[in-house]
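Throughout, a chain's letter reflects where its sequence line sits, starting with A, and its residues are numbered from 1. All of these numbers come straight from a predicted model, not from anything done at the bench.
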There are 2 protein chains.
Amino acid sequence: MSKAQTQRTRASGRVTLAEVAARAGVGTMTASRAISQPEMVSPALRARVGQAVAELGYVPNRAARALASARSKVIVVLVPSLSNAVFTDVLAGIQDALEPDGYQILIGNTRYSDAEEEKLLNTYLQSSPDGILLSGLTHSRQVTELLASSKLPIVSMMDLAGAPDGQPAASSTTTAGMSVGFSQLQAGYTMTRYLLDKGYKRIGFMGAQRDERTLKRLEGYRRALQEAGSYDPRLETMVADPSTIALGAELLGRMLSSTPDCDAIFCCNDDLAQGAIFQCQRRGIAVPRQLAICGFNDLPVSAWMNPSVTTIATPRYRVGFEAAQLLRAVIRGETPAATRIDLGFTLMARESA
Amino acid sequence: MSKAQTQRTRASGRVTLAEVAARAGVGTMTASRAISQPEMVSPALRARVGQAVAELGYVPNRAARALASARSKVIVVLVPSLSNAVFTDVLAGIQDALEPDGYQILIGNTRYSDAEEEKLLNTYLQSSPDGILLSGLTHSRQVTELLASSKLPIVSMMDLAGAPDGQPAASSTTTAGMSVGFSQLQAGYTMTRYLLDKGYKRIGFMGAQRDERTLKRLEGYRRALQEAGSYDPRLETMVADPSTIALGAELLGRMLSSTPDCDAIFCCNDDLAQGAIFQCQRRGIAVPRQLAICGFNDLPVSAWMNPSVTTIATPRYRVGFEAAQLLRAVIRGETPAATRIDLGFTLMARESA
DNA sequence: TTGTACGCGTTATCAT
DNA sequence: ATGATAACGCGTACAA
């Protein structure tokens with residue numbers, strides 16, 4: 001129909017919108033609308049375009065769309081680990097919230113490293129994301145600056161900003177902004193209180209990774225013990241290595257030799273707790289009779305192993321889901337009811353403590 | 001210098017290459033090269049441009065780059081699960097191989113669903129990826145067609161194409177093409193042979209997920225038992241549910257009531273094996289004395305629990321890494337030495353069988 | 001080694 | 001409701 005609708009094959013080899021439009025006998029703009037906003041186009045044309053799309057096997061080009069519209073429909077998610085079920089659950093929640101809406105999720109694995117986080121952020125910012133989901137509140141100065149200058153909406157996950165949760169904030173450079181999670185500090189406090197109430201006297205803390213959340217749980221542990229007047233720094237074991245079952249087994253050995261009178265151990269996560277318990281079994285130490293052990297996160301194994309592990313169940317899927325919803329609302333220009341969503345946690349009292 | 005170097009702010013709000021070029025007093029092309037191919041530009045200019053980039057906080061726009069160059073530097077990876085450590089390990093390998101080279105990885109979680117796989121592929125194809133990494137060899141007809149019409153280089157992971165591994169291929173619509181992995185069938189055969197050699201007579205198979213890999217392991221199991229003349233279909237339990245520890249516990253109960261004379265169980269993966277063992281402990285069944293149990297994949301817990309789990313260790317990190325390298329070579333236009341890389345597997349004989 | 005003109009595929013804008 | 005045209009920001013293909 002139109003006089004000069006080019007027909008040459010594109011460099012990309014892909015069918016373009018112009019070709020679809022030509023095939024359907026409409027302008028490119030109509031074709032574009034028929035695809036992106038079907039309700040703004042007459043049913044007849046919508047059908048013609050739809051058929052042309054099908055016949056030609058047209059696939060929209062996201063790069064071109066992003067360039068022209070200045071909105072990428074990309075969300076960047078930065079998590080410290082992918083081997084940790086905590087974060088894959090968070091991711092599942094994010095995907096469920098965002099993918100139906102056509103968002104593309106760029107997953108960055110920072111491996112608990114500030115440098116890595118900065119590098120990933122730099123890379124991912126090149127994709128002009130519409131928003132960012134971050135794990136935790138504290139980040140390096142460089143990252144904080146990058147985020148600020150990007151002017152993008154950001155939601156922090158797994159902890160709560162401001163920390164006006166009865167207990168003052170733990171430390172350092174916590175960023176303000178939107179957050180979805182629960183109070184790590186309070187969770188640490190709750191677990192320790194539980195052990196205290198059970199009558200344990202010499203309660204140790206076993207931590208790894210030195211990450212923000214571990215530190216806050218430790219803070220809660222200290223607070224509870226100090227209140228009870230039984231705080232003893234010698235009962236704390238903290239290393240920087242990534243936390244694994246093997247490390248839990250090793251750290252148990254260390255604690256036993258340094259403070260043999262310890263009668264309960266609060267492990268900063270379930271991996272460590274599992275390792276410690278397995279190691280107790282090998283050494284013939286009865287759990288919890290001789291030594292109580294509890295963890296954090298409630299991974300699947302913890303509920304099933306023998307003894308089952310007393311731990312804190314965390315709402316990670318929901319954290320991801322709600323954080324994504326919140327971000328989406330802000331991107332749409334809405335003013336969310338709350339910018340700080342506390343999803344709470346649940347103490348799972350089981351056999352090991 | 002130049003007469004009409006525009007200075008207006010962009011819609012995106014972001015600094016553009018043109019602004020960097022203006023600031024550095026060079027042409028946009030020089031600026032572009034100074035950034036992408038520093039060695040092709042004089043050191044003096046390189047420095048000037050670098051400074052301008054820093055001062056302005058320039059962030060390259062990937063969409064524009066992709067559009068102009070027809071190469072996106074995006075790789076799509078489709079895995080059936082993110083909660084399964086097998087695939088997060090594969091992903092780690094892929095990231096390590098690809099990210100240093102500036103590739104962006106689009107991770108799709110198919111959740112073991114053909115429909116989901118097709119949907120994800122459709123979405124991700126819009127990003128004009130340079131290549132695709134897939135899990136497994138068999139896919140739905142729709143997916144196979146999508147892949148074919150995309151004409152993109154594809155590497156399949158975790159299994160081997162063609163299956164000329166001594167044993168003829170198991171079944172159905174296996175795609176040809178490049179693959180990196182090991183023979184799932186042979187691994188299943190090896191494990192079963194191990195149990196046979198240990199003297200077990202009534203060896204059961206416990207499977208879930210009904211995915212390709214499970215089916216191939218089952219095939220290997222059958223082959224070994226048939227060769228030994230002790231194959232009995234009643235010893236097979238196969239369900240479609242996602243495989244979890246809880247399911248392993250449940251299936252153990254089923255097997256025990258349907259075939260109480262069973263003296264060993266080959267679980268299609270470690271989750272099932274762990275669940276089965278935990279359940280044995282609760283029922284007071286001694287493993288392996290009364291019932292031997294083995295798994296597949298060698299997850300961390302398997303080595304540490306008591307009894308430790310006999311299983312097949314799989315080279316998942318390397319699968320991801322090598323598959324990514326292979327894909328990258330093909331994208332660069334190289335002709336790889338091998339398009340079918342067998343990374344093997346290792347039987348880990350431990351306490352449970 | 002450096003610069004110029006143009007095109008990549010799409011959407012926003014503004015007409016009709 | 002539909003269409004023509006101009007960006008969007010960058011790299012390719014040349015020319016200088």
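- Mapping B:Met29 and A:Ala64 onto DNA chain D via the closest heavy atom, the residue that lands nearer the 5' end is A:Ala64.
- In this structure, B:Glu55 places its CD atom where more than 12 heavy-atom neighbours from other residues, nucleotides or ligands lie under 6.0 Å away.
- Nearest nucleotide to the side chain of A:Ala68, out of D:dT2, C:dT10, D:dC10: C:dT10.
- Atom CG in B:Asn61 sits roughly 6 Å away from atom P in D:dC10 (whole-Å rounding).
- Between the P atom of D:dC10 and the OH atom of B:Tyr58 lies a distance of 3 Å, rounded to the nearest Å.
- Distance from the side chain of B:Leu17 is smallest for D:dG11 among the nucleotides C:dT11, C:dT2, D:dG11.
- Contact annotation: side chain of A:Arg33 to base of D:dG3, donor-acceptor pair present below 3.5 Å.
- Atoms CZ (A:Arg46) and C1' (D:dA1) sit 12 Å apart, rounded to a whole Å.
- One interatomic measurement links the two molecules: CD of A:Glu19 to P of C:dC8, which rounds to 11 Å at whole-angstrom precision.
- Checking A:Glu212 against A:Thr138 by side-chain atom types alone, a donor-acceptor pair falls below 3.5 Å.
- Side-chain nitrogen and oxygen atoms of B:Ser42 include at least one within less than 4.0 Å of the OP1 or OP2 phosphate oxygen of C:dT2.
- Side-chain proximity of B:Thr28 to C:dT11, C:dT2, C:dT4: nearest is C:dT4.
- Of the candidate nucleotides D:dC8, D:dC10, C:dT11, D:dC8 has the atom lying nearest to any side-chain atom of A:Leu67.
- A sub-4.0 Å separation between OP1 or OP2 of D:dC10 and a side-chain N or O of B:Ser69 is absent.
- A straight line from CD of B:Gln37 to P of D:dC10 spans 15 Å, rounded to a whole angstrom.
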